[in-house]
*Asks:* 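Structure incoming, see below.
The figures that follow rest on heavy atoms only: side chains count, while hydrogens, waters and symmetry mates do not. When a residue number appears, it is its place in the shown sequence, counting from 1.
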Amino acid sequence: MHSIVIIGTGLAGYTTARELRKLDKDTPLTLVSADDGRFYSKPMLSNAFAQGKTAEQLATQDVAQMQAQLNATILAHTRVNSIDTARHTVTCDGKTLPYSKLVLALGADPIRAPLAGDAADQVLTVNDLADYARLRKALEGAKRIVIIGAGLIGCEFANDLCTAGFSVHVVDPNPAPLNRLLPEAAGAQLRAALGRTGAEWHANTKAVSVNRAHNGYLVTLADGAALEADVVLSAIGLKPRVLLAQQAGIKINRGIVTDRYLQTSAPDVYALGDCAEVEGLVLPFVMPIMHAARALARTLAGTPAPVVYPAMPVVVKTPAYPIVVSPPPAGISGAWQVTEGEEGVRALFYDAQQHLHGFALTGKSTSEKAALTQQIPPLLG
Ligand SMILES: Cc1cc2nc3c(=O)[nH]c(=O)nc-3n(C[C@H](O)[C@H](O)[C@H](O)COP(=O)(O)OP(=O)(O)OC[C@H]3O[C@@H](n4cnc5c(N)ncnc54)[C@H](O)[C@@H]3O)c2cc1C
């Protein structure tokens, strides 16, 4: 019998299921999830604390509600251990589940900083609801926070936790935050704005060890500084979860490799979301998932549809200094043209032919987002 299995109940898994049900109400659908299967919006994890939101409040639907909404079976707290692409089965906790089409929506793992010290294992990361609940618990009674990494997630947490009244130190090896997304002028403004909310910066250096101290932890930096902390949060990036696919003989690179149809190297196996590398692009953001899920749903429902990615700017959730950025695609050579004024920073990335390929806007300049997005060629047209 025709049956679709989706591994993962994050935004990628659930959005694919929702989109599929708009086109096909009846094909048996099973979602398998290592976590508890509650639906939540992951981007809220990095700006929920100052609003006083608990993990329970962020979870908007439980498994029973999702099963009813999707007319699906959801196996929560169930980890898929292997995929047999020849037999078209997956095994989880000793059970074998057949599929006619399989979707890998496995997400990504936080990268662990290589830290020495007897409390290196106490460093927290936040990549799902359970992590967020752990962070909230750790923050009870805490005052001093060290955040390792000034990327998107590190900066958002820095803003949120400063707003909530914590003393926040941010450590990053680059001179300015959001180094991979922003030209340095915009990063420097963000750094100054977060500084005004109370964040202390330790730029051009790394955390090398975390040790227990008599009253919390001591974080030692490569430049010799030592920071006392009650909570240490690491946000240095994510790596796509590829192991399950790799062990099944499915082609991987940085992520699980797919073509424009989200099809992996194995017949009837598809991938999307943070685990996937679609035509060479690893894009761990919400908008690419929405576009991919809509295309994949059509394919699963019997009308193969390639994914189309327009330019997809990312709004950085740092209310102290609003930023929207559409980073230039890797491999496009060009240069930023930066203007700074009262409206904020306006940085436009042009190639040699003066074609716009990216932008970073801050402050009031963020109002130009829609107009500039239209000028950027699609990432996958
Ligand atoms: C703090 C934070 C803030 C963010 N803010 C933004 C933002 O403002 N804008 C934006 O665009 N993006 C943002 N992102 C990124 C965005 O949230 C992610 O790209 C998106 O949520 C990823 O969804 P996913 O379904 O691919 O992965 P996940 O949500 O990680 O889901 C993976 C699922 O796979 C399951 N799973 C994994 N392995 C197995 C297995 N072997 N067996 C069974 N189940 C398995 C997991 O249990 C989980 O259910 C943010 C991310 C974080 C962490």
Side-chain angles (χ1 to χ4, degrees), residues 7-13 33-36 38 40-49 55 58-59 79-80 104-117 119-139 142 145-161 168-174 177-181 206-210 217 219 229-246 252-256 271-277 282-286 288-289 314 316-318:
I7 311 176
T9 55
L11 216 53
S33 182
D35 61 40
D36 62 19
R38 287 182 292 175
Y40 70 104
S41 167
K42 190 184 295 218
M44 294 198 67
L45 298 180
S46 49
N47 67 350
F49 191 88
L58 293 181
R79 183 168 287 281
V80 173
L104 307 178
L106 303 166
D109 283 314
I111 297 171
R112 304 288 308 184
L115 293 166
D121 61 348
Q122 300 295 305
V123 173
L124 300 178
T125 54
V126 176
N127 188 37
D128 59 29
L129 263 188
D131 293 340
Y132 177 71
R134 266 189 292 278
L135 174 71
R136 281 186 62 90
K137 183 105 190 81
L139 289 173
I145 320 295
V146 169
I147 297 177
I148 302 173
L152 191 92
I153 293 171
C155 287
E156 293 182 350
F157 271 113
N159 197 153
D160 201 47
L161 296 178
V168 176
H169 288 251
V170 187
V171 184
D172 192 274
N174 299 297
L178 292 185
N179 183 264
R180 272 191 295 169
L181 294 178
K206 286 183 176 184
V208 289
S209 67
V210 182
Y217 305 112
V219 183
D230 303 310
V231 173
V232 185
L233 178 62
S234 169
I236 62 168
L238 294 168
K239 53 175 186 316
R241 290 189 181 121
V242 295
L243 193 61
L244 191 63
Q246 187 179 24
I252 60 147
N253 186 35
R254 274 195 304 149
I256 301 169
L272 82 166
D274 284 8
C275 68
E277 178 174 331
V282 176
L283 299 172
F285 298 108
V286 172
I289 290 176
V314 176
V316 184
K317 303 185 297 296
T318 46

*Asks:* Sequence neighbours left out, what passes side chain to side chain contact (heavy atoms under 4.5 Å, CB included) with V231? Give chain and number order.
*Replies:* L124, L135, A138, L139, A142, I145
*Asks:* Could you tell me which residues satisfy ring pair (Phe, Tyr, Trp, His ring centres under 6.0 Å) with Y40, sequence neighbours excluded, listed by chain and number?
*Replies:* none
*Asks:* Without hydrogens or angle criteria, can the side chains of T125 and N127 be said to hold a donor-acceptor pair below 3.5 Å?
*Replies:* no
*Asks:* For A235 and G154, which heavy atoms make the closest approach, and how far apart are they?
*Replies:* CB-N, 3.8 Å
*Asks:* So do V232 and I148 actually touch side chain to side chain, heavy atoms under 4.5 Å?
*Replies:* yes
*Asks:* Please answer whether the main-chain N or O of R254 pairs with a side-chain N or O of E277 as donor and acceptor at a distance below 3.5 Å.
*Replies:* yes
*Asks:* Output all residues satisfying side chain to side chain contact (heavy atoms under 4.5 Å, CB included) with K317, sequence neighbours left out; order by chain, then residue number.
*Replies:* P43, S46, N47, E156
*Asks:* Between R38 (side chain only) and L129 (backbone N and O only), is there a donor and an acceptor less than 3.5 Å apart?
*Replies:* no
*Asks:* Of the non-hydrogen atoms in V314 and L152, which two are nearest, and what is the gap between them?
*Replies:* CG1-CD1, 4.2 Å
*Asks:* Mind listing the closest non-hydrogen atom pair of I236 and R112 along with its distance?
*Replies:* CD1-C, 4.0 Å
*Asks:* Taking all non-hydrogen atoms of both residues into account, name the closest pair between P110 and K239 and its distance.
*Replies:* O-NZ, 4.0 Å
*Asks:* I want to check something: taking the side chain as every heavy atom from C-beta on, are I7 and L244 in contact at a cut-off of under 4.5 Å?
*Replies:* yes
*Asks:* Is N253 reaching over with its side chain to a backbone N or O of G255, donor-acceptor style, under 3.5 angstrom?
*Replies:* no
*Asks:* Which heavy atom in V170 sits nearest to a heavy atom in V168, and how many Å separate them?
*Replies:* CG2-CG1, 4.1 Å
*Asks:* Would you say D128 and D35 make side-chain contact, with heavy atoms under 4.5 Å?
*Replies:* no
*Asks:* Could you tell me whether K42 atom NZ has more than 12 heavy atoms of other residues or ligands within 6.0 Å of it?
*Replies:* yes
*Asks:* Are the side chain of R241 and the backbone of C275 linked by a donor-acceptor contact shorter than 3.5 Å?
*Replies:* no
*Asks:* What heavy-atom pair brings Y217 and D230 nearest, and what distance separates the two atoms?
*Replies:* CE1-O, 3.4 Å
*Asks:* I'd like to know if the side chain of R79 reaches the main chain of A34, judged simply by a donor and an acceptor atom lying under 3.5 Å from each other, with no hydrogens or angles considered.
*Replies:* no
*Asks:* Heavy atoms, side chains only, cut-off 4.5 Å: are I153 and V126 in contact?
*Replies:* no
*Asks:* So, D172 side chain and A150 main chain: donor-acceptor pair closer than 3.5 Å or not?
*Replies:* yes
